[in-house]
Amino acid sequence: MKKVLSFVLNGHEVSAEIESHKMLLQVLREEFQLTGTKEGCGQGECGACTVLVDGIPVDSCIYPSFEVDGKSVTTIEGLLGEGNVLHPIQAAFVAHGGVQCGFCTPGMIMSSKALLDETPMPTVQEVRNALAGNLCRCTGYVQIVDSVLSAAEKIQAEIKQ
Amino acid sequence: MKRFEYYQPRTLDEAFERMGNLKGAGKYVAGGTDVIVRLKQRALKVDALVSLRGIAGLGDIAHNGALSLGGCALFRDIERNEVIARDFPALHQAVSMLANPQVRNVATIGGNLCNAAPSADCAPPLLVMDAVITLEGPRGKRDVPIESFFKGPGATLVEAPEILTGITIPAITPGTGSAFLKMGRVSQDIAKVNAAALVVMDGEVCLKCRLSAGAVAPVPLRLKACEKLVEGRRIDHDLLEEVALTASREVSPITDVRSTDDYRRHIAGVLAKRALGDALKFSTF
């Protein structure tokens, strides 16, 4: 069965006719060509496919596409600022070596975005808890945690200015 | 991925009717973190999913002494609920340790129970809290104590097209404390063993004790021999050691990819002892 889904995708209203067995991840990558969101395990374990639905991080590989109707979805592409300026979290991952092979990075950054929206100045433990559903085979996580803490400080400093 | 239809009823009656019409070829889905994964792994073969996410009120959490959780209450909301963290710490702890944030953001407590894994993290806290499960079907409602809800791995009392619509936990009495512990390989793993304890203390004497453990039998277990040992006594070091030994004898674990029966038996004792000690610390009198 098919249904026309209307939702907000990275700030823009979109609609598309989607088949009922498709997951949100497939819709993003195949229907909207937003290939920044990655498929890792495909089973809700690794977090590479993390996107925000109404601001909340979910594994898009096991999120039924029909449930997105009327909601708002943010992917890694939605974080980029005007003139292709990196979001402070993205910039911090680059500056602190939070990216190695890069496959987990979009998911890591989306989980980090949700954390900093809810908890602007998190502790190390809060960062680790928020990223517990995002696996990384390269970094050993230390640089990733550093990146998020540094991004938090940058964002707060910008707000104060 | 296998094709399937995806229905989104707005009311319970619509859901019952849809499930009835599917004649066994459908399955209810809430957060989907078990059902969708099993579909993708081809461990579950159905032609249609009937989503419970759009049914109003099923996700509610209410507290008037007793705690009422809708069947589709999200782990995310349970984890962030301050009354649950204060009065029902074993449930709060279990939910905070379950899987990972992305899963907790969509997974539901009713889904966790209906999936009926022997390792379900919600089960031990609800067992020690004497929770009551409400099932609704086209012919009405019935309440069942959680102790009789599980029938085996993946099997429960729910009869299609019934839906688990609510969980009620009785109000706590003064002197109540509870705690949950889990042993896994890494933090987001399914438990090798989990355990919960609840005590009602009158000064130094334990009036009521509830202990339970998961992933150590075909269904989450009440450790009744341990409970009997503790009730009416002071909880001291020697009693805790006795509890550990008794718990190890009360469980009947298996060896699988996650652990061995011997290890699970030993750890069930350790977790029962420690959960009891932790519950004592949480008790306020």
Side-chain angles (χ1 to χ4, degrees), chain A residues 1-3 5 18-27 30 39-71 107-108 110-115 118-119 125-135 141, chain B residues 1-10 18 22 26-44 46-55 72 74-77 79-80 95-108 111 184-190:
Chain A
M1 85 199 243
K2 285 183 179 182
K3 188 170 145 179
L5 305 177
I18 304 294
E19 287 174 296
S20 52
H21 65 283
K22 299 273 184 184
M23 294 295 131
L24 175 57
L25 174 69
Q26 292 167 283
V27 173
E30 293 163 16
E39 178 165 34
C41 67
Q43 301 185 2
E45 297 274 353
C46 78
C49 65
T50 304
V51 301
L52 309 186
V53 174
D54 288 344
I56 291 170
V58 303
D59 290 321
S60 61
C61 73
I62 54 170
Y63 196 93
S65 55
F66 275 23
E67 298 290 352
V68 93
D69 197 29
K71 296 196 170 81
M108 285 283 179
M110 297 318 288
S111 286
S112 305
K113 170 80 167 67
L115 168 70
E118 195 180 357
T119 312
Q125 194 53 51
E126 283 170 328
V127 174
R128 288 186 170 272
N129 288 348
L131 299 181
N134 293 84
L135 304 185
Y141 301 100
Chain B
M1 180 168 183
K2 185 188 180 308
R3 287 171 179 270
F4 56 83
E5 312 287 297
Y6 195 86
Y7 298 104
Q8 296 169 286
R10 313 302 295 186
R18 177 62 69 188
L22 287 167
K27 189 159 179 72
Y28 290 123
V29 62
T33 56
D34 285 312
V35 170
I36 302 268
V37 172
R38 285 173 56 218
L39 260 179
K40 286 185 131 189
Q41 293 170 337
R42 297 180 185 261
L44 171 70
V46 290
D47 298 332
L49 296 180
V50 179
S51 169
L52 304 179
R53 290 198 209 196
I55 299 176
C72 290
L74 295 175
F75 286 128
R76 176 189 176 82
D77 294 337
E79 187 182 356
R80 284 166 171 72
V95 166
S96 318
M97 282 183 227
L98 190 143
N100 63 48
Q102 289 94 320
V103 168
R104 296 198 295 272
N105 287 342
V106 294
T108 67
R185 190 176 55 90
V186 295
S187 72
Q188 68 166 319
D189 269 2
I190 294 169

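Residue numbers start from 1 in every chain, and the chains themselves are labelled A, B, ... in the order their sequence lines are given, proteins ahead of strands. Values reported hereafter were calculated over all heavy atoms of this structure, with side chains retained and with hydrogens, waters and symmetry mates removed.
- Contact of A:E19 with chain B is made through the side chain alone, with heavy-atom distances under 4.5 Å.
- The nearest pair of heavy atoms linking A:G42 to B:K40 is O-NZ, 3.0 Å.
- Separation of atoms CG (A:D59) and CD1 (B:I36) is listed at 12.0 Å; rounding is to 0.5 Å.
- Using a 4.5 Å heavy-atom threshold, the side chains of A:N134 and B:Q102 count as touching.
- Between atom CG of residue B:N105 and atom CG of residue A:L52 there is a gap of 9.5 Å, rounded to the nearest 0.5 Å.
- The local environment of CD1 in A:I18 is crowded, with over 12 non-hydrogen atoms from other residues, nucleotides or ligands closer than 6.0 Å.
- Interface remark: A:L135 contributes side-chain atoms only to the contact with chain B (heavy atom separation under 4.5 Å).
- Interface residue A:A130: only backbone heavy atoms are found under 4.5 Å from chain B.
- Rounding to the nearest 0.5 angstrom, the gap separating the CD atom in A:E45 from the OG1 atom in B:T33 is 10.0 Å.
- Proximity to chain B is limited to the side chain of A:K3, based on heavy atoms less than 4.5 angstrom apart.
- Within the 4.5 angstrom heavy-atom criterion, atoms from both the backbone and the side chain of B:E5 approach chain A.
- Closest heavy-atom contact between B:P101 and A:G133: CD-N, 3.7 Å.
- At a 4.5 Å heavy-atom cutoff, the contact between B:R80 and chain A is made by side-chain atoms alone.
- In this structure, the portion of A:S111 lying under 4.5 Å from any heavy atom of chain B is its side chain and not its backbone.
- Of all heavy-atom pairs spanning B:Y6 and A:P64, the tightest one is OH-CG, 3.5 Å.
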